[in-house]
A.B. asks: 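To start, I am sharing the structure in question, which I have written as structure tokens.
We use all heavy atoms of the structure for the numbers below, so side chains are in, but hydrogens, waters and symmetry mates are not. Naming: A, B, ... by sequence-line order, numbering from 1 per chain.
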Amino acid sequence: MLALPSVVLVAVTAAGILISHAWRWIISLLMIQYAGIFILVGISWPFQMALTKLIAGLMAGVILFIALSSLEAKDQDQTRHPPLLNSQTELSGRLFRLFAASLVGLVIVSGSRVIVQWLPGLSSEQILGSTILIGLGLLHLGLTSEPFRVVVGLLTVIAGFEIAYAGIEVSALVQGLLAVVTLGLGLVGAYLVLAPTMERIE
Amino acid sequence: MSTAILWIIFPGIVSGVLLIFYKRKNIVFIIGTFVAILLAILAWRIPIGESINFASISFSIQDSLSILGRRLVLDNNDRSALLLIYLGLAFWFTGAWVARTSLLFVPLGLAIAGLLTAALAVEPFLYAALIIEIVVLVSIPLLSSPGFQRGRGVVRYLTFQTLGFPFVLFTGWLLTGVDTNTADMSLIFFSFVLLGLGFWLLLGVFPFHTWIPMISEESHPYSVAYLLYELPVAISLFGLGFLERYAWMRDATGLFSILEIAGVIMIVLGGVIAAFQRHLGRMLGYAVMVEIGLSLLAVWAGLYPAGSGELFGAFYAILLPRALSLGVWALSLVVMIRILNRTNETQDAVTSQGLLFRDVKGLARQAPIASIGLLLAQFSLAGFPILIGFPVRLAIWQEVAQNSVISGGLVLLGYAGLIMGGLRTMAVLVMGENESPWEIRETRSEILFLLAGSIAIIAIGMFPQWFTPALARMSESFIQSIP
């Protein structure tokens, strides 16, 4: 019953992440996105196992939030660091990203019927949610080289893969390793954002 | 006691402890090197699954450990691989002391070795893709040091490696379907495409190679050389696991054509760009691309359906020349950077960014030992006669040329490019604008390590029978496991 609203949720949040410029919005949308992922994974997995996806995703979001908050505080104290993200919210840039996301969405919706035949173990909602996240995540990666955005794009792509993989593999070890990868990406994102401002190791 | 505790969990724990005390540089280097040598000796001497009597205590080391319903298995067949991992680690740690690597190099290096061992041991073997991804995440601080502006290469490296593993995991599931229905050609084709794409990304094969020269320019040369040695080997061994387990894959001539094409592309691209390269750090990256191509050709030549499998030993035999040459090359670059910067900084201020030809003109007059080491390493990887890299490369070149004259010609073109790059490097290092007097500005420890590495490059090249047969025999366990 919640499957279709979850697909809409992940689509809206992934598109929101793509067009948003403010890091607080991006992280908030990423964390909300994991609620949709939790529901879609829960179609194939028991509640407790699906919950680990939500927890790992939320923790990755919190790690990124703490890192960026600390960087922002440093930016306010000292002006030597460049601004984290371009805070200019140009309408043309957003419109372009929204247009590109719409094109990707159209391709996904038309192609998902073919994928359903390849993956009979998955529901059509899971396939749609998965391909939307993978498609928009890849689009995000193609449009940026900023470490924070790249890590968010990678988390989105991996989340899409996890929805599809949940339907074909139910292994506690894989689930644990995927959670480690999600958390690891969050930590690496935080590290890459903060590394230039950190004290040199003497 | 199980093998997984000894070679996976123990180095992981030591890594965690060393990470806490990372500022005590000398102690960390000594403990890390000692642990790596100890684990290599244990891999060499301790029989797995048999009773061992030590000081009136009898015990045995079990070959498997269960974790979350899956197993980590390291048996007697894996001992040679364990020896390779931990002896290699000891080699890199020893050089790291002189190379002024990041203080995190030893703790993270131990963690990476433990994780690579876990990738070797995990069953089902497909899960190794996830462990290799964790290795990539752990390696990021080695490439992007705290306090320094990060480069774009690190971000690209993270992106391509992270995008690669889902393809491989997903293909693993598809292959179970192929196993039950080998007549489904569309499924086989789809599996090949996904698997190929996954390994294409993970190995950095064209057009996903761009991060290799980028990180070679931006990061500490020694850390880069270590990673560019370890990671492709681990990924290649993982790829061989597919050939070992799926008999129909070994019979697919299409797969071998892809291996040959990918190998030739990497050698030509890396070699030709190296010939025109003006940056010593990036040149190392292009040499690594050639090495990745050579590994692919070694697998192709050894396992090609028409072949006897004898040449497969070349895949393992190229590892020692590669490790030694990359280590000496990277150490030489570090010494050059130190002399150019006129600094004695003991930490990871070292990056290859100031190594353009215009910056190193005539540097051989101030750093003759490092220059000799650099050139020997470069010519060795280019397959120059009497150097360590020559004998195995010759065997692979012959096999490629006998199979296809075009491929053979292209491979020679790539290697000619690498030699051209070496000659240009030599010219630039020797011919300065000012005829300044020759002097040795390397420190004693630098001279010791560089001379030892340079002598080894020549000596093993002149007497390949010392090491090559032993390394080539490592392929026997793989060949025997093929039904």
Side-chain angles (χ1 to χ4, degrees), chain A residues 81-82 115 117-121 130 134 137-138 140-142 144-151 153-155 157-162 164-165 167-202, chain B residues 22-23 25 66-72 102-104 118 122-124 126-131 133-141 143-156 158-163 165-167 169-170 172-174 176-177 186-187 190 345-349:
Chain A
H81 304 300
I115 301 172
Q117 293 167 357
W118 286 99
L119 301 168
S130 166
I134 292 172
L138 287 174
H140 200 166
L141 289 171
T144 184
S145 60
E146 165 68 36
F148 165 63
R149 277 191 172 275
V150 166
V151 166
L154 287 173
L155 283 169
V157 174
I158 298 300
F161 166 73
E162 284 185 86
Y165 204 59
I168 57 180
E169 174 73 66
V170 186
S171 156
L173 182 60
V174 171
Q175 180 197 342
L177 288 172
L178 280 168
V180 170
V181 169
T182 302
L183 281 173
L185 275 172
L187 284 168
V188 164
Y191 176 79
L192 287 174
V193 164
L194 289 176
T197 68
M198 288 162 77
E199 191 182 345
R200 292 184 180 188
I201 296 176
E202 298 286 346
Chain B
Y22 74 92
K23 286 189 177 176
K25 182 188 173 187
S66 288
I67 294 178
L68 296 170
R70 295 291 189 263
R71 294 196 317 154
L72 293 170
S102 159
L103 297 180
L104 301 174
V122 70
E123 284 188 359
L126 269 176
Y127 298 169
L130 280 162
I131 298 174
E133 167 62 13
I134 296 170
V135 169
V136 170
L137 297 174
V138 170
S139 70
I140 294 293
L143 298 175
S144 179
S145 298
F148 290 87
Q149 207 57 42
R150 65 183 165 259
R152 286 169 58 205
V154 179
V155 178
R156 200 169 291 186
L158 175 68
T159 306
F160 284 164
Q161 295 292 313
T162 304
L163 289 180
F165 88 86
F167 286 107
L169 271 185
F170 200 69
W173 173 78
L174 283 178
T176 53
S186 60
L187 190 60
F190 192 49
E345 279 184 276
T346 56
Q347 42 79 44
D348 47 358

A.B. asks: Which bit of A:Ile134 is near chain B, if near means a heavy-atom gap under 4.5 Å: side chain, backbone, both or neither?
C.D. replies: neither

A.B. asks: Chain B: which of A:Leu185, A:Val151, A:Leu187 shares the most heavy-atom pairs with it under 4.5 Å?
C.D. replies: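 Looking at each of A:Leu185, A:Val151, A:Leu187 in turn, A:Leu185 comes out on top.
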
A.B. asks: What distance do B:Tyr127 atom OH and B:Leu72 atom CG have between them, rounded to the nearest 0.5 Å?
C.D. replies: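 Atom-to-atom, B:Tyr127:OH and B:Leu72:CG are 12.0 Å apart.
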
A.B. asks: So which of A:Gly184, A:Gly176, A:Ala164, A:Pro147 has the largest heavy-atom pair count under 4.5 angstrom toward chain B?
C.D. replies: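 Option with the greatest count: A:Pro147.
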
A.B. asks: I'd like to verify something: which residue of A:Val180, A:Val157, A:Leu192 has the highest number of heavy-atom pairs under 4.5 Å with chain B?
C.D. replies: A:Leu192

A.B. asks: Check each atom of B:Val154 against the heavy atoms of chain A and say whether the ones under 4.5 Å are side chain, backbone, both or neither.
C.D. replies: side chain

A.B. asks: Are more than 12 heavy atoms from other residues, nucleotides or ligands located less than 6.0 Å from atom CZ of B:Arg152?
C.D. replies: no

A.B. asks: For residues A:Leu141 and A:Val150, report the shortest heavy-atom separation together with the two atoms involved.
C.D. replies: CD2-O, 3.4 Å

A.B. asks: What distance do B:Leu130 atom CG and A:Leu178 atom CG have between them, rounded to the nearest 0.5 Å?
C.D. replies: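 Atom-to-atom, B:Leu130:CG and A:Leu178:CG are 5.0 Å apart.
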
A.B. asks: Quick one: what part of B:Val136 sits under 4.5 Å from any heavy atom of chain A, side chain, backbone, both or neither?
C.D. replies: neither

A.B. asks: Which atoms of A:Leu173 are under 4.5 Å from chain B, going by heavy atoms: the side chain, the backbone, both sets, or neither?
C.D. replies: both

A.B. asks: Are the side chains of A:Ser130 and A:Phe161 in contact, using a 4.5 Å heavy-atom criterion?
C.D. replies: no

A.B. asks: Mark yes or no for whether A:Thr197, through its side chain, and A:Leu194, through its backbone, hold a donor-acceptor pair below 3.5 Å.
C.D. replies: yes

A.B. asks: Answer with side chain, backbone, both or neither: which region of A:Val181 has an atom nearer than 4.5 Å to a non-hydrogen atom of chain B?
C.D. replies: both

A.B. asks: What's the spacing between B:Phe170 CZ and A:Ile168 CD1 if we round to 0.5 Å?
C.D. replies: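 With rounding to 0.5 Å, CZ (B:Phe170) is 4.5 Å from CD1 (A:Ile168).
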
A.B. asks: At a 4.5 Å cut-off on heavy atoms, which part of B:Leu126 comes close to chain A: side chain, backbone, both, or neither?
C.D. replies: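 Answer is neither: B:Leu126 stays 4.5 Å or more from chain A.
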
